[in-house]
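Owing to the predicted nature of the structure, the values given are computational and were not obtained by experimental measurement. A note on names: the letters A, B, ... follow the listed sequences, proteins ahead of strands, and every chain is numbered from 1.
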Amino acid sequence: MSNNVITRFAPSPTGFLHIGGVRTALFSFLFARKNKGVFALRIEDTDKVRSKNEWTDALINDLEWLGLKHDVFVRQSDKADIHKAYIKKLIDSGHAYVSKEKVVEEGQRDEVIRFKNPNKKVVITDLIRGEVTVDTTDLGDFVIARSIGEPVYHLAVVIDDFEMGITHVIRAEEHLSNTPRQILIQEAIGAPRPIYAHLPLVLAEDRSKLSKRKHGETVSLTYYRNKGYLPEAILNFVALIGWNPGTDQEIFALDELIEVFDLSKVQKGGAIFNVQKLDWTNKQYIEKMSLENFVAAAKDFIPAGTSPKLFPLLKEKASKFSDIVELLEGELSFVNPLAAYPKESLKWKQEKDLETTKRHLKTVIEKLSQLEDFSKESVKAVLWPIAESAGKGNVLWPMRYALSGREKSPDPFSISEILGKEETLKRLTFAHDLL
RNA sequence: GGCCCUAUCGUCUAUCGGCUAGGACAUCGCCUUUUCAAGGCGGUAAGCAGGGUUCGACUCCCUGUAGGGUCACCA
């Protein structure tokens with residue numbers, strides 16, 4: 001592999017980083033790292049009206065959070081002088097000209113700079129799509145600058161890629177149609193042509209391109225950050241949209257991705273972003289975490305005052321951190337005072353009647369009253385023989401229901417330990433007296 | 001509409017002419033189990049259509065169809 005690969009991720013600071021952008025950034029990053037090359041981040045802020053510093057900051061912050069560290073940083077607006085010089089050169093050499101325009105819309109200029117289109121066929125060699133031939137005649141003399149000092153995207157991209165020595169342009173497929181005009185500009189300024197790789201689009205459920213207008217915030221990385229997904233999991237999941245190494249492996253650390261990544265294995269067709277798989281992937285990562293790491297990572301999602309005894313259960317059941325609140329209000333709400341429940345709920349489905357249920361509860365109360373060590377192991381040890389002889393559901397269901405007041409909850413032994421002897425016996429007695 | 005790209009289970013995909021079409025998510029069933037989750041086992045589920053090429057096409061070619069992208073003084 002070549003030793004001097006330089007890739008770039010070039011977002012415009014006009015909005016949040018969306019999932020498709022994350023994938024583009026990741027692939028550019030992976031390809032650079034894989035080839036021991038350089039990964040550059042370039043902020044494309046030539047649109048002064050729509051570009052905002054806040055978006056730039058957010059972009060940098062998001063990428064850093066993901067762990068996609070760039071080696072080079074360029075702000076396009078800092079290159080204004082260089083752009084201007086090229087525009088002049090292009091005009092002087094006859095490749096571009098100042099064009100008088102008829103103003104039909106507000107904000108339009110009566111004078112812009114257009115590229116003199118040589119009207120030829122361009123053959124793009126794309127790493128993913130092979131050869132694509134386009135006749136540029138259809139493009140006409142397109143605009144390359146609003147004025148001598150204001151280049152338009154296509155011009156700025158070509159100049160910057162050239163100046164930065166970009167060897168591989170890895171970007172989304174939506175840019176494939178733009179490539180011919182960029183190639184024309186390259187030829188005019190005498191820049192070498194980089195190697196192109198146009199990634200298939202990341203699609204929404206309805207198979208259309210992800211967009212804020214149409215699909216709302218759920219396409220933004222921020223949305224998933226706020227929901228408490230892990231950056232490693234997002235990267236892992238996104239890597240597998242439109243690419244896979246050809247093996248059955250599903251979970252990859254970033255280092256592993258770098259090792260096995262291969263642009264030629266990238267898919268050609270667009271792929272739908274599937275949240276269920278993201279959830280599953282994220283859960284895999286949570287399972288691999290130590291309890292300490294889980295608690296530390298999830299600290300912003302765990303309400304103050306939550307009993308540390310619940311932490312293992314939270315880790316076991318949450319597939320993303322935002323699940324924690326739901327869990328605490330639902331399945332794990334037994335730590336709060338119990339709401340009233342119908343006494344029939346205490347009866348196991350295979351149990352004869354409430355009388356028997358009451359008897360089982362009494363036995364449980366008697367056994368636990370004498371118990372000193374209230375660890376779940378210890379509680380289980382004294383009750384298990386009884387449960388086995390009387391029927392596990394017959395004994396354990398009423399006990400669990402009495403302790404949790406719910407159809408779904410952790411096992412009664414864990415609840416006992418968390419509640420402690422006093423509260424456990426209080427709830428059991430309450431249930432017993434109810435019957 | 002012009003130009004361009006694409007087309008395997010619901011979804012993400014493997015297959016680079018030999019396929020009883022494999023895996024993962026989701027889904028369903030069973031086991032485990034006091035419930036839920038997790039886990040284990042198993043099931044349902046796919047080659048857009050029509051022509052070629054070939055001994056043999058999911059794989060190659062053509063046409064059609066469908067979907068997407070792009071046609072800005074946005075990137």
* Structure fact -> note: A:L203, atom CG; B:G67, atom C1'; distance rounded to Å ~ 9 Å

* **For B:U59, the Watson-Crick or wobble counterpart (both distances under 3.5 Å)** => none

* Counting side-chain heavy atoms from CB outward, which of B:U11, B:C25, B:C73 is closest to A:I272? -> B:U11

* Could you check whether A:T133 gets within reach of a base, just the sugar-phosphate, or nothing at all, counting any heavy atom under 4.0 Å? => sugar-phosphate

* Asked: With rounding to whole Å, what would you report as the distance between B:C3 and B:G43 at their C1' atoms?
  -> 47 Å

* Any strand: nucleotide that pairs with B:A45 via Watson-Crick or wobble, under 3.5 Å -> none

* To do: Considering only NZ, NE, NH1 and NH2 on the basic side and carboxylate oxygens on the acidic side, decide whether A:R400 and A:D411 come within less than 4.0 Å.
  => no

* To do: Determine the contact category for A:E407: base if any of its heavy atoms lies under 4.0 Å from a base atom, sugar-phosphate if only primed atoms, P, OP1 or OP2 are that close, otherwise nothing.
  => base

* Asked: So what does A:G242 touch, heavy atoms closer than 4.0 Å: a base, only the sugar-phosphate, or nothing?
  -> sugar-phosphate

* **Watson-Crick or G-U counterpart of B:A38, or none if no pair lies under 3.5 Å** => none

* Asked: Heavy atoms under 4.0 Å, any strand shown: does A:H198 hit a base, just sugar-phosphate, or nothing?
  -> nothing

* NA contact type, A:S12, heavy-atom cut-off 4.0 Å: base, sugar-phosphate, or nothing? -> sugar-phosphate

* **Presence of A:W280 side-chain N/O under 4.0 Å of B:C25 phosphate oxygens OP1/OP2** => yes

* To do: Mind checking A:R109 for me? I need base, sugar-phosphate or nothing, with any heavy atom below 4.0 Å counting as a touch.
  => base

* **Same-atom distance (P) from B:U6 to B:A46, integer angstrom** => 26 Å

* Asked: With both distances kept under 3.5 Å, what pairs with B:U33, Watson-Crick or G-U wobble?
  -> none

* Report the base-pairing partner of B:G2 (Watson-Crick or G-U wobble, both distances below 3.5 angstrom), or none. => B:U70

* Looking only at atom P, what distance separates B:C55 and B:A45, rounded to whole Å? -> 34 Å

* To do: Measure from CZ on A:R129 to C1' on B:U6 and round the result to the nearest Å.
  => 7 Å

* To do: For the side chain of A:N274, starting at C-beta, report the closest nucleotide among B:U11, B:C71, B:U35.
  => B:U11

* To do: Let me know, please, whether A:R181 or A:E287 comes out on the 5' side of the other along RNA chain B by nearest nucleotide.
  => A:E287

* Taking atom P of B:U35 as reference, at what distance in whole Å does atom OH of A:Y341 sit? -> 19 Å

* Gap in Å between the two C1' atoms, one belonging to B:A7 and one to B:U11, rounded -> 15 Å

* Asked: Will you find, in the side chains of A:E173 and A:H198, an N or O donor that is under 3.5 Å from an N or O acceptor?
  -> no

* Smallest separation among heavy atoms of A:R171 and A:T24, with atom names -> CA-CG2, 3.8 Å

* **Sugar-phosphate only, base, or nothing, as touched by A:D135 at under 4.0 Å among non-hydrogen atoms** => nothing

* Aromatic rings A:Y341 and A:Y401: how do their planes relate, parallel, tilted or perpendicular, breaks at 30° and 60°? -> perpendicular

* Asked: What is the nucleic acid contact for A:S147, judged by heavy atoms within less than 4.0 Å: base, sugar-phosphate only, or nothing?
  -> nothing

* Considering only atom C1', compute the distance from B:C9 to B:C25 and round it to an integer number of Å. => 12 Å

* Indicate, with a heavy-atom threshold strictly under 4.0 Å, whether A:V132 touches base, sugar-phosphate, or nothing. => sugar-phosphate

* Asked: Got a salt bridge between A:K120 and A:E187, using NZ or NE/NH1/NH2 to carboxylate O under 4.0 Å?
  -> yes

* Structure fact -> Regarding the side chain of A:E250, the nearest nucleotide among B:A24, B:U34, B:C5 is B:A24

* Separation of B:C36 P from A:D411 CG (nearest whole Å) -> 13 Å

* 5′-ward residue of the pair A:G246/A:V157 relative to RNA chain B -> A:G246

* **hbond_proxy A:N178 side chain to B:A75 base (donor-acceptor, 3.5 Å cutoff)** => yes

* Return the value, rounded to whole Å, for the distance between atom CG of A:L201 and atom C1' of B:U11. => 17 Å

* Asked: What does A:Q108 touch in the nucleic acid at a heavy-atom separation under 4.0 angstrom: a base, only the sugar-phosphate, or nothing?
  -> base

* Asked: Within the structure shown, what part of the strands sits under 4.0 Å from A:P412 by heavy-atom distance: base, sugar-phosphate, or nothing?
  -> base

* Would you indicate what A:K392 reaches in the nucleic acid, counting non-hydrogen atoms under 4.0 angstrom: base, sugar-phosphate, or nothing? => sugar-phosphate

* Provide the Watson-Crick or G-U wobble partner of B:C16, both distances under 3.5 Å; none if there is no partner. => none

* Report yes or no: do A:Q350 and A:N394 form a side-chain donor-acceptor pair below 3.5 Å? => no

* Expressed as a whole number of Å, how far does the C1' atom of B:G47 sit from that of B:U13? -> 13 Å

* **Separation between the P atoms of B:U53 and B:U20, rounded to whole Å** => 24 Å

* Structure fact -> Out of B:G69, B:C12, B:U34, minimum distance to the side chain of A:R207 belongs to B:C12

* Structure fact -> Among the nucleotides B:C4, B:U6, B:C74, whichever has the atom closest to the side chain of A:K268 is B:U6

* Asked: Base, sugar-phosphate, or nothing: which does A:T14 touch, judged by heavy atoms less than 4.0 Å apart?
  -> nothing

* Structure fact -> Under a 3.5 Å limit on both distances, the Watson-Crick or wobble mate of B:A24 is B:U11

* Basic-acidic side-chain contact under 4.0 Å: A:R109, A:E150 -> yes

* Structure fact -> Closest to the side chain of A:V152, out of B:C74, B:A37, B:C12, is B:C74

* Do A:S51 and A:D47 have side-chain N/O donor and acceptor atoms under 3.5 Å apart? -> no

* **Pairwise P distance for B:C41 and B:U32, with rounding to whole Å** => 15 Å

* Looking only at side-chain N and O atoms, does A:K408 come under 4.0 Å of OP1 or OP2 in B:U34? -> no

* Taking OP1 and OP2 of B:A14, is either one under 4.0 Å from a side-chain nitrogen or oxygen of A:N244? -> yes

* So, A:D353 and A:K347, do they make that salt bridge, N to O below 4.0 Å? -> no

* Asked: At under 4.0 Å between heavy atoms, what does A:R50 touch on the DNA or RNA strands: base, sugar-phosphate, or nothing?
  -> base

* Nearest to side-chain heavy atoms of A:V134, which nucleotide of B:C4, B:U70, B:U35 -> B:C4

* Proximal nucleotide (of B:U13, B:C25, B:U70) relative to the A:Q267 side chain -> B:U13

* **A:D138 side chain, from C-beta outward: closest of B:G68, B:C36, B:C3** => B:C3

* Please determine which of A:F142, A:Y86, A:Y97 meets the ring pair (Phe, Tyr, Trp, His ring centres under 6.0 Å) test together with A:F115. => A:F142

* Of the nucleotides B:U35, B:A37, B:A75, which one has an atom closest to the side chain of A:E316? -> B:A37

